[in-house]
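First the structure, in the form of structure tokens, and then the observations on it.
What you see is a predicted model; the values in this text were computed from it and never measured.
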Amino acid sequence: MRYSKMLLPTLKEDPAEAEVISHKLMLRSGMIRKLAKGIYSCLPLAQRVFNKVQQIIREEMERAGAQEVTLPGVQPSDIWKESGRWEMYGKELLRFKDRNNRDFCLGPTHEEVVTDLIRREIRSYRQLPLNLFQIQTKFRDEIRPRFGLMRCREFVMKDAYSFDVDEDAAQESYNRMFDAYIRIFERCGLDFRAVEADTGTIGGSFSHEFMVLADSGEDAIVSCDSCNYAANIEKAEVKPPDTDIDNETLSRMKEARKVLTPGKKTVEEVTDFLKIKPDRLVKTLIYETDKEAVAVLVRGDHEVNEIKLRNLIDCNDLSLAGDDLIIKTTHAPVGFSGPIGLDIRIITDNAVSQMCDFVTGGNEKDTHLINVNLGDFKVDRYADLRVITNEDPCPRCGGKLSFKRGIEVGHVFKLGKKYSEALGATYLNARGREESIIMGCYGIGVGRTIAAAIEQNHDSNGIIFPTSIAPFQVMVLPINMDKSEVRDKSEALYISLKDEGYDVLIDDRDESPGVKFKDADLIGIPIRLTLSKKTSKDDMVELKVRRTQEVIMVKKDDLLDEIQKYLQYS
Ligand SMILES: [Zn+2]
């Protein structure tokens, strides 16, 4: 490809609209341009990267036995009503009517469509297992699209769906996809972790997220230094306390009594006032669900993990109660809630089971209780309800946990029968009995993978593409283009590298060396070959490795070997 002919509009300055580095660099390197909020055009440089990532995905999906299809982006509401998600999905689902006034949506995901296809085509266990994948544009009307391709509304996704006869076979399909994902992200040159994750709105029973490690990541993850446990912080289990309160402590427990705490409402205010540490206080939080109000107790220095709570009490809506409900439930102003005397369910975090003589709200204005003990109120249930902290050990082996930030680029789910039962996707087993198909689904955000790769691979001068997904492997950069000798040798080198099968970009623009070098660093091609008046006289080429900044002079005859060597390591 010739730079002079390519639509490659680089920018000198960081665009004001971009907050994260990948967004800045994708705009500056002329990879993407915004059309509307969260909707981007992908220019030739980016398209080449997309093609490479998609090729890796295709190869690995096919190696794992999946078959490529293309499912419609425009989807009728009927199948979404059958799955129950037409009502549940909320405003992220972009809905519209066709000329016959029938409801449609732009597909944010394809469980309904693929399950509809399968229920029509699969009859017998002999047709299973089956795994279908596609690489396609999806639309989710995100409330706050941001960070360029990291969180946009229209995006390219690889999604795959597996169909199996039973749980064991479904687990095998899941494992095959898990292994394929490991290979895909390794081949893309990414530093990532597969972490246990919550199943979210897609539903299902079990899932892993693939997280590219980056400080700018929106997700917090924990991973064990000693074993292979890793989880999204939303999901990370807290190891239950392994000792009970001993009898001696029990015998020394005191009687609860009121203390006046005028105007002291927050954990900080109350513990400062009473001159105790926050871990001596139990917070009482009133939550409202679509069914009931519940009280949730956690230690003062701990935070409720609302995803764990939602999973535990199995409700659709869950939120902290508003002031009116708190006042109605506790008969006290906000800030003085406590468990004693409450007539709603009380759910308590495991850590509280270790506490004695603690402080709670008094359910009375300006009042707290001290020396409260677990026998003073009725706990309906103890459970793991809190956000893991850096004082917690690994829930599997007790080892030390590390906290990191990650960008979710892939997600694998075991869906079970959620969609096959809702839409009636069944097969006849060997005994002629009708059974529901067991499903799994597997996504990769292609654009987000590219953005994550840039978050992880850049320096102050620009992008440093991993070789496997770089838009070009080699860039030929002639300076002193006005000298016919330099121009001819550069052209000859460009042609010969192309003949050898390399992706090559030649910067044949009539620009100053400074501009050319700056653009070359910005667009991050792994190897830059510079030809000048001087090098062409000696029949040498200057080779610069983008990742290491290493510059070496190479004899023309050794050039192919050197390029091969450096491409392997960058
Ligand atoms: Zn561990």
Side-chain angles (χ1 to χ4, degrees), residues 191-200 205-215 217-246 249 266-268 270-271 276-285 287 294-313 318 320 339 346-360 372-374 379-408 411:
D191 183 12
F192 65 97
R193 298 278 183 285
V195 305
E196 292 180 15
D198 189 66
T199 49
S205 50
F206 195 69
S207 82
H208 281 93
E209 285 166 348
F210 289 76
M211 294 280 188
V212 170
L213 302 180
D215 294 338
E218 288 189 275
D219 287 278
I221 59 175
V222 295
S223 60
C224 178
D225 295 350
S226 313
C227 75
N228 63 6
Y229 181 76
N232 191 310
I233 207 142
E234 295 175 340
K235 171 82 177 179
E237 298 159 36
V238 174
K239 195 172 160 55
D242 37 27
T243 52
D244 277 335
I245 301 176
D246 58 66
T249 313
T266 65
V267 172
E268 202 187 351
V270 175
T271 54
I276 55 166
K277 287 196 178 142
D279 65 2
R280 305 292 312 142
L281 179 141
V282 170
K283 282 192 275 197
T284 304
L285 298 153
Y287 277 89
V294 292
V296 176
L297 307 191
V298 290
R299 216 169 76 184
D301 57 334
H302 288 156
E303 295 299 325
V304 174
N305 180 326
E306 291 187 359
I307 287 169
K308 288 180 181 175
L309 181 61
R310 189 185 302 258
N311 291 341
L312 183 83
I313 57 184
L318 176 99
L320 273 171
I346 297 178
I347 306 175
T348 303
D349 180 63
N350 288 329
V352 176
S353 71
Q354 301 294 294
M355 297 173 69
C356 52
D357 298 337
F358 48 84
V359 172
T360 71
V372 176
N373 284 289
L374 292 165
V379 173
D380 289 82
R381 188 160 180 187
Y382 287 98
D384 171 14
L385 285 179
R386 66 181 171 91
V387 179
I388 198 163
T389 70
N390 49 18
E391 280 155 27
D392 287 305
C394 169
R396 296 281 182 279
C397 77
K400 191 179 168 343
L401 291 173
S402 293
F403 286 67
K404 299 191 170 80
R405 299 207 69 84
I407 300 164
E408 183 198 336
H411 205 158

Do [X] and [Y] have side chains that approach each other closer than 4.5 Å (heavy atoms only, starting at C-beta)?
{"X": "Arg193", "Y": "Leu213", "value": "yes"}
{"X": "His208", "Y": "Glu196", "value": "yes"}
{"X": "Cys224", "Y": "Cys397", "value": "yes"}
{"X": "Leu318", "Y": "Glu306", "value": "yes"}

For [X] and [Y], which heavy atoms make the closest approach, and how far apart are they?
{"X": "Ala351", "Y": "Met355", "value": "O-CG, 3.8 Å"}
{"X": "Thr284", "Y": "Pro339", "value": "OG1-CD, 3.5 Å"}
{"X": "Pro393", "Y": "Leu401", "value": "O-CD1, 3.6 Å"}
{"X": "Ala236", "Y": "Val222", "value": "CB-CG2, 3.7 Å"}
{"X": "Asn305", "Y": "Val387", "value": "CB-N, 3.7 Å"}
{"X": "Leu374", "Y": "Tyr382", "value": "CD2-OH, 3.4 Å"}

Subject >> Lys/Arg N to Asp/Glu carboxylate O, Asp392 vs Arg386, below 4.0 Å >> reply: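 So Asp392 pairs with Arg386 through a salt bridge.
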Original post:
Would one find more than 12 heavy atoms of other residues, nucleotides or ligands at under 6.0 Å from atom CD of Glu218?
Top reply: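 Atom CD in Glu218 is packed in, count exceeds 12.
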Measure the spacing between [atom1] of [X] and [atom2] of [Y] and express it to the nearest 0.5 Å.
{"X": "Ile388", "Y": "Phe403", "atom1": "CD1", "atom2": "CZ", "result": "5.5 Å"}
{"X": "Arg299", "Y": "Asp279", "atom1": "CZ", "atom2": "CG", "result": "5.0 Å"}
{"X": "Ile347", "Y": "Leu312", "atom1": "CD1", "atom2": "CG", "result": "5.5 Å"}
{"X": "Arg405", "Y": "Ile233", "atom1": "CZ", "atom2": "CD1", "result": "8.0 Å"}
{"X": "Glu234", "Y": "Ile307", "atom1": "CD", "atom2": "CD1", "result": "3.5 Å"}

Original post:
Quick one: side-chain hydrogen bond (donor to acceptor under 3.5 Å, both in side chains) partners of Asp384, sequence neighbours excluded?
Top reply: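 For Asp384, the residues satisfying side-chain hydrogen bond (donor to acceptor under 3.5 Å, both in side chains) (neighbours in sequence not counted) are Lys308.
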I'd like to know if the side chain of [X] and the backbone of [Y] have a donor-acceptor N/O pair within less than 3.5 Å.
{"X": "Asp349", "Y": "Leu385", "result": "yes"}
{"X": "Ser207", "Y": "Ala197", "result": "yes"}
{"X": "Lys283", "Y": "His302", "result": "yes"}
{"X": "Arg280", "Y": "Asp357", "result": "yes"}
{"X": "Arg381", "Y": "Ile346", "result": "no"}

Original post:
Under the side-chain contact (heavy atoms from CB on, under 4.5 Å) criterion, do Val304 and Tyr287 qualify, and how do the steps go?
Top reply: CA-CA 11 Å; Val304 174; Tyr287 277 89; 3.7 Å; yes
Subject >> Partners meeting salt bridge (Lys or Arg N to Asp or Glu O under 4.0 Å) with Glu237 (sequence neighbours left out) >> reply: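 With neighbours one apart ignored, the set is Arg396.
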Original post:
Residues in salt bridge (Lys or Arg N to Asp or Glu O under 4.0 Å) with Asp380, at least two apart?
Top reply: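 Testing Asp380 for salt bridge (Lys or Arg N to Asp or Glu O under 4.0 Å), a comparison that skips the adjacent residues, returns Lys378.
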Subject >> Asn350 and Ser353: side chain donor to acceptor below 3.5 Å >> reply: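 No, Ser353 and Asn350 have no side-chain donor paired with an acceptor closer than 3.5 Å.
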